Amino acid sequence: MKRILISIALLCLGSLISRADEGMWMINMINSALEKKMQERGLLLSSDEIYNADADGTTISDAVVSLEFGCSGSIISDQGLMITNHHCAYADVYNLSTPEHNYLEDGYWAMTADKEINIPGKSILFLKKVIDVTDEVKAFRAELRAAGKPAGMRKVSFQMEKKYAKESGLDAYLSSMWDGSRYYMALYKTYKDIRLVAAPPVSIAAYGGDVDNWEWPQHKCDFALYRIYTAPDGSPAEYSEENIPLVPERKLEISLDGYKPGDFAMVIGFPGMTDRYSSSAKVNFKERVSLPISNELRGAQMDIISRWMNTDPDIRLLYSDYFFGLSNVQENNEGMAKCFRRFGVVDEKKAVEKELQEWIDASEERKAKWGNLIGMLNEKYAAQEEAQKDVTYYRETLVRGTQFAKTVNRISTMGNSVLKSCGIKPARTIDQYVSDEEKECRRCHRFCGQDFEIISSAMKKDYEAIDLRVEKDLFRYAVEQYYDNVDPSCFGPYQTGLLEYFTKEDGKCDFDALVDSLWNNSYLTDLDRLGKMIGEEHTIDEYTADPMYKFFKDVSIIDFNHKISAAQGSPKIMSLDNAYTHALYQMKMDKGIEQYPDANSTMRITYGTVGGLEPYDAVICSWQTTTDGLLEKDDPSSYDFCLGERQRELLQGLEEPLPVDFLTDNDITGGNSGSPVMNAKGELIGLAFDGNKESLASDASYTPGYNKCVCVDIRFVLWTLDEYAGMDRILDEIGYVRRP
């Protein structure tokens with residue numbers, strides 16, 4: 001009993017002691033105040049040891065990389081070995097897999113250097129420097145306006161990035177902070193010869209699958225290894241057999257000492273996007289309108305795909321990458337809507353707005369600029385609700401509800417290129433806005449040989465990634481949801497005619513018959529008809545007369561956007577949202593409040609501590625999971641919880657359980673996946689790979705005590721490389737010394 005009581009006390013301590021300051025701070029914003037706060041939490045380094053682009057030598061941030069601003073990673077050897085999450089490598093492993101060599105299910109281990117597989121088109125970026133260019137941007141825009149030239153940020157970004165890239169010899173990216181209150185130029189060195197070294201099977205890397213996604217406890221060994229190669233002289237280069245492994249400026253040292261509740265934890269990475277300067281009106285709109293619609297539709301689409309995946313392993317492989325992305329977003333958004341309600345984010349934003357309004361009213365200048373800003377935001381968001389519902393249903397059904405929209409758009413793009421060769425600007429839809437000249441061009445002009453080649457290869461690629469049986473079920477669901485929920489005034493004439501024709505006397509549409517009619521008469525839904533169609537010359541009209549094509553194109557997002565614009569009136573919501581961010585930024589500046597900008601894929605640092613979680617009243621969760629949990633969850637009849645035979649045997653043979661995953665309260669978001677989790681000395685102790693369900697309001701609001709970062713323990717990664725994969729050459733390379 002005494003031992004049990006001690007364990008419970010430790011759990012409570014882990015929950016209570018764990019605390020962090022909110023914020024994904026730009027890496028170049030570590031001032032003395034932030035440095036002091038981190039050191040008070042336990043950091044044993046100075047800020048200059050983390051980032052200092054103007055000093056000689058290297059810093060920890062030099063070992064952190066961006067995977068094309070989608071994920072993060074870090075360098076862990078002197079030979080360019082880079083570690084990130086398996087789910088960041090998922091698409092690469094999927095693309096390499098075949099039914100004969102399914103690396104998702106079996107894993108991939110390059111036991112020798114020559115087995116490391118090049119990933120075409122993949123890039124890894126090292127941040128070299130961040131420069132505050134706010135004054136330069138404002139001066140450049142003023143200069144353009146004075147000369148009567150366009151001064152939009154797209155033009156400004158292009159010109160300034162070109163200038164800094166030429167001066168530095170690096171890739172330059174201009175970022176706006178606080179919606180244009182500040183501007184920073186980030187300079188990167190980009191490497192393009194990237195090779196896959198190791199990826200465990202999904203039964204290890206994604207153990208628990210969608211069931212455990214965004215949950216705690218978790219037991220995933222979510223990691224993958226790549227290697228960066230360079231030209232023989234060490235410079236970045238495209239793939240070549242002559243290339244050599246990168247000799248990095250800095251690598252992260254790995255700690256095997258572990259951690260305990262209250263220990264300092266630091267995460268550096270490239271978080272993708274947050275919206276924490278959003279108004280109560282915007283959060284309210286997401287919570288009540290857009291998120292419920294997309295969550296319901298995507299959840300139903302997942303059910304359709306999942307049923308097929310469970311019946312056929314070939315379909316599982318075919319749709320695994322698409323399903324992975326769909327489920328991750330859907331579960332995130334579903335949790336976001338729930339957390340907005342649970343944690344009262346709308347009321348929290350209203351409290352901020354009350355303070356903001358008082359600050360605005362205290363100055364005649366501010367009143368003239370922002371006096372009725374909050375009221376206008378509430379009015380505009382309310383006014384465009386119905387129009388936005390239509391847009392959301394349209395996007396989630398006909399735009400991304402099936403794979404056919406992509407193929408239809410390919411044909412449309414090629415048809416438009418033919419029209420432009422006739423000197424004609426294409427109309428927005430099939431039957432509306434079409435001039436006599438366009439009709440003539442469509443009727444008479446045929447696709448040339450090059451057009452055929454482009455269409456054929458693109459279609460072949462599209463159809464290799466789908467199963468028509470699955471797509472028909474998805475299309476059937478999309479059609480009914482579209483017709484039942486979108487305002488009929490948005491339908492094109494072809495869609496309207498179909499609805500009228502298949503509506504029975506009782507007023508209900510026979511959607512099965514409608515879908516069968518489109519499906520059975522389309523060249524898009526039959527590979528034999530498709531092959532014959534793209535193997536012959538046809539005019540634009542002959543291609544676009546296809547019933548499926550006509551159905552998809554008989555509506556335009558441009559028309560939907562016009563409807564939204566009309567509902568909003570002037571000024572538009574986007575300009576009001578920007579003004580709101582500017583006002584909040586200025587208020588905090590005026591009050592001397594330290595603030596961080598929303599995440600936007602620039603390098604950020606966040607700090608916190610290791611600790612447990614109390615997700616609900618009377619529920620206490622430990623800060624760490626072990627291999628015992630893997631065996632407890634093991635269920636050979638479940639795809640998500642079935643340990644492979646070898647993994648099961650190894651785990652059953654352990655004398656003591658190993659640490660698997662752990663929690664910190666670092667402030668993270670999408671894009672942080674694969675980020676190194678470091679201890680007080682800057683040593684690698686794990687990788688960030690997920691958040692918890694209770695943290696999903698973090699897009700708009702940080703919730704102390706509930707925002708958690710789920711991490712895989714680096715010791716479990718090394719054990720997997722050692723005992724499961726037997727990758728001695730990699731373990732020797734990173735200096736892993738096995739402990740007795």
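Only a predicted model underlies this, so the values are computations on that prediction, with no experimental measurement involved.
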query = Does the pair Asn409 and Lys553 meet the rule for a side-chain contact (heavy atoms from CB on, under 4.5 Å), with working shown?
reply = CA-CA 9 Å; Asn409 287 333; Lys553 297 301 288 185; 3.5 Å; yes

request  = Evaluate the side-chain contact (heavy atoms from CB on, under 4.5 Å) criterion for residues Leu125 and Phe270: first the C-alpha distance (whole Å), next the side-chain angles of each, then the deciding distance (0.1 Å), finally the verdict.
outcome  = CA-CA 11 Å; Leu125 293 87; Phe270 296 82; over 6 Å; no

ask   = Given the rule in the side-chain contact (heavy atoms from CB on, under 4.5 Å) test, do Tyr483 and Gln495 qualify, once you have shown the distances and angles that lead to the verdict?
value = CA-CA 9 Å; Tyr483 274 126; Gln495 291 178 347; 3.6 Å; yes

query = Step by step, would you call Ile194 with Asn118 a side-chain contact (heavy atoms from CB on, under 4.5 Å)?
reply = CA-CA 6 Å; Ile194 313 300; Asn118 174 253; 5.7 Å; no

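Under the 3.5 Å distance criterion, the side-chain polar atoms of Asn284 are left unmatched by any main-chain donor or acceptor of Ser280. The backbone N or O of Ser701 lies less than 3.5 Å from no partner atom in the side chain of Ser698, so there is not a single donor-acceptor pair. Distance alone, capped at 3.5 Å, is enough to place a donor-acceptor pair between the Thr525 side chain and the Ser522 backbone. In this structure, the side chain of Ser575 does not engage the main chain of Pro571 through any donor-acceptor pair within 3.5 Å. For the pair Glu334 (side chain) and Asn295 (backbone), a donor-acceptor distance under 3.5 Å is absent. Proximity of a side-chain donor or acceptor of Asn102 to a complementary backbone N or O of Thr98 within less than 3.5 Å is not detected. Checked by atom type and distance alone, the side chain of Gln384 never pairs as donor or acceptor with a backbone atom of Gln568 at under 3.5 Å. Asn332 places no side-chain N or O within donor-acceptor distance of the main-chain N or O of Asn328, the cut-off being under 3.5 Å. Between the side chain of Lys349 and the main chain of Ser279, no donor-acceptor pair closer than 3.5 Å is present. The backbone N or O of Asp212 sits less than 3.5 Å from a side-chain atom of Gln218, completing a donor-acceptor pair.
Remark: Tyr103 engages no residue in a side-chain hydrogen bond (donor to acceptor under 3.5 Å, both in side chains) (not counting sequence neighbours). Residues that satisfy the side-chain hydrogen bond (donor to acceptor under 3.5 Å, both in side chains) test with Arg298, not counting sequence neighbours, are Glu396. Annotation: disulfide bond (SG atoms under 2.5 Å apart) contacts of Cys709 (sequence neighbours excluded): none. Considering only residues two or more places apart in sequence or on other chains, Tyr394 meets the ring-ring contact (aromatic ring centres under 6.0 Å, His included) condition with Phe560. Applying the salt bridge (charged side-chain N to carboxylate O under 4.0 Å, His left out) criterion to Lys192, with sequence neighbours excluded, gives no partner residue. With sequence neighbours excluded, no residue satisfies side-chain hydrogen bond (donor to acceptor under 3.5 Å, both in side chains) with Glu287. The side-chain hydrogen bond (donor to acceptor under 3.5 Å, both in side chains) check on Ser176 picks up nothing, with sequence neighbours excluded. Partners of Lys122 under the salt bridge (charged side-chain N to carboxylate O under 4.0 Å, His left out) rule, at least two apart in sequence or in another chain, are Asp92. Applying the disulfide bond (SG atoms under 2.5 Å apart) rule to Cys88 yields the partners Cys71; only residues at least two apart in sequence or on another chain are considered.
With rounding to the nearest 0.5 angstrom, the CD atom of Glu215 is 9.0 Å from the CG atom of Asp690.
Side-chain contact, Thr407 with Asp462: a donor N or O sits under 3.5 Å from an acceptor N or O. Between the side chains of Arg604 and Thr602, at least one donor N or O sits under 3.5 Å from an acceptor N or O. Remark: the Ser565 side chain and the Lys572 side chain contain an N/O donor-acceptor pair separated by less than 3.5 Å. No hydrogens or angles considered: a donor-acceptor pair under 3.5 Å links the side chains of His87 and Asp222. Side-chain contact, Asn692 with Ser695: a donor N or O sits under 3.5 Å from an acceptor N or O. With no hydrogens or angles considered, a side-chain donor-acceptor pair links Asp487 and Ser489 at under 3.5 Å. No side-chain donor from either of Ser72 and Asn672 sits under 3.5 Å from a side-chain acceptor of the other.
Contact of the Lys282 side chain with the Leu377 side chain is not registered, since no non-hydrogen atoms from C-beta on lie closer than 4.5 Å. The closest side-chain heavy-atom distance from Lys693 to Trp216 is not below 4.5 Å. Side-chain contact check for Asp554 versus Pro493: some heavy-atom pair is nearer than 4.5 Å. Put simply, the side chain of Lys338 does not reach to within 4.5 Å of the side chain of Leu696, judged on heavy atoms.
Screening residues 306-325 for salt bridge (charged side-chain N to carboxylate O under 4.0 Å, His left out), with sequence neighbours left out, gives Asp312-Arg469. Contacts classified as ring-ring contact (aromatic ring centres under 6.0 Å, His included) and involving residues 278-314 (residues at least two apart or in different chains) are given here: Phe285-Tyr381.
Nearest heavy-atom pair, Phe323 versus Ile305, reported as atom, atom and distance to 0.1 Å: CD1-CG2, 3.8 Å. Nearest heavy atom pair, residue Gly299 against residue Gln330, reads N-CG, 3.7 Å. Taking both residues in full, the closest heavy atoms of Tyr322 and Arg400 are given as OH-O, 3.5 Å, listed atom of the first, atom of the second, then distance. For the pair Ser97 and Leu317, the tightest heavy-atom approach, listed with the atom from each and the gap, is CB-CD1, 4.0 Å.
Between Tyr494 and Phe551, the ring centre distance reaches or exceeds 6.0 Å. Checked against the 6.0 Å centroid criterion, the rings of Tyr523 and Tyr549 do not qualify as a close aromatic pair. Ring to ring, Phe324 and Tyr94 are not that close: their centroids are 6.0 angstrom or more apart. Between Tyr706 and Phe343, the distance separating the two ring centers is shorter than 6.0 angstrom.
When each of Phe475, Phe491, Tyr393, Tyr477 is checked for a ring-ring contact (aromatic ring centres under 6.0 Å, His included) with Tyr482, only Phe491 meets the rule. Among Asn600, Asp598, Thr669, the single residue meeting the side-chain hydrogen bond (donor to acceptor under 3.5 Å, both in side chains) criterion with Thr274 is Asp598.
Summarising the local packing, NZ of Lys508 is surrounded by 12 or fewer heavy atoms from other residues, nucleotides or ligands at distances under 6.0 Å. Remark: Met153 CE is packed, more than 12 non-hydrogen atoms of other residues, nucleotides or ligands lying under 6.0 Å away.
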Report all side-chain donor-acceptor pairs from residues 510-521 shorter than 3.5 Å, counting only partners two or more places apart or in another chain.
residue : atom : partner : partner atom : Å
Asp510  : OD1  : Asp512  : N            : 3.4
Asp510  : OD1  : Ala513  : N            : 3.1
Asp512  : OD1  : Arg476  : NE           : 2.7
Asp512  : OD1  : Arg476  : NH2          : 3.4
Asp516  : OD1  : Lys472  : NZ           : 2.8
Asn520  : ND2  : Asp516  : O            : 3.1
Asn521  : ND2  : Ser517  : O            : 2.8

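Between Arg276 and Asp667, at least one side-chain nitrogen of the basic residue sits less than 4.0 Å from a carboxylate oxygen of the acidic one, meeting the salt-bridge criterion.
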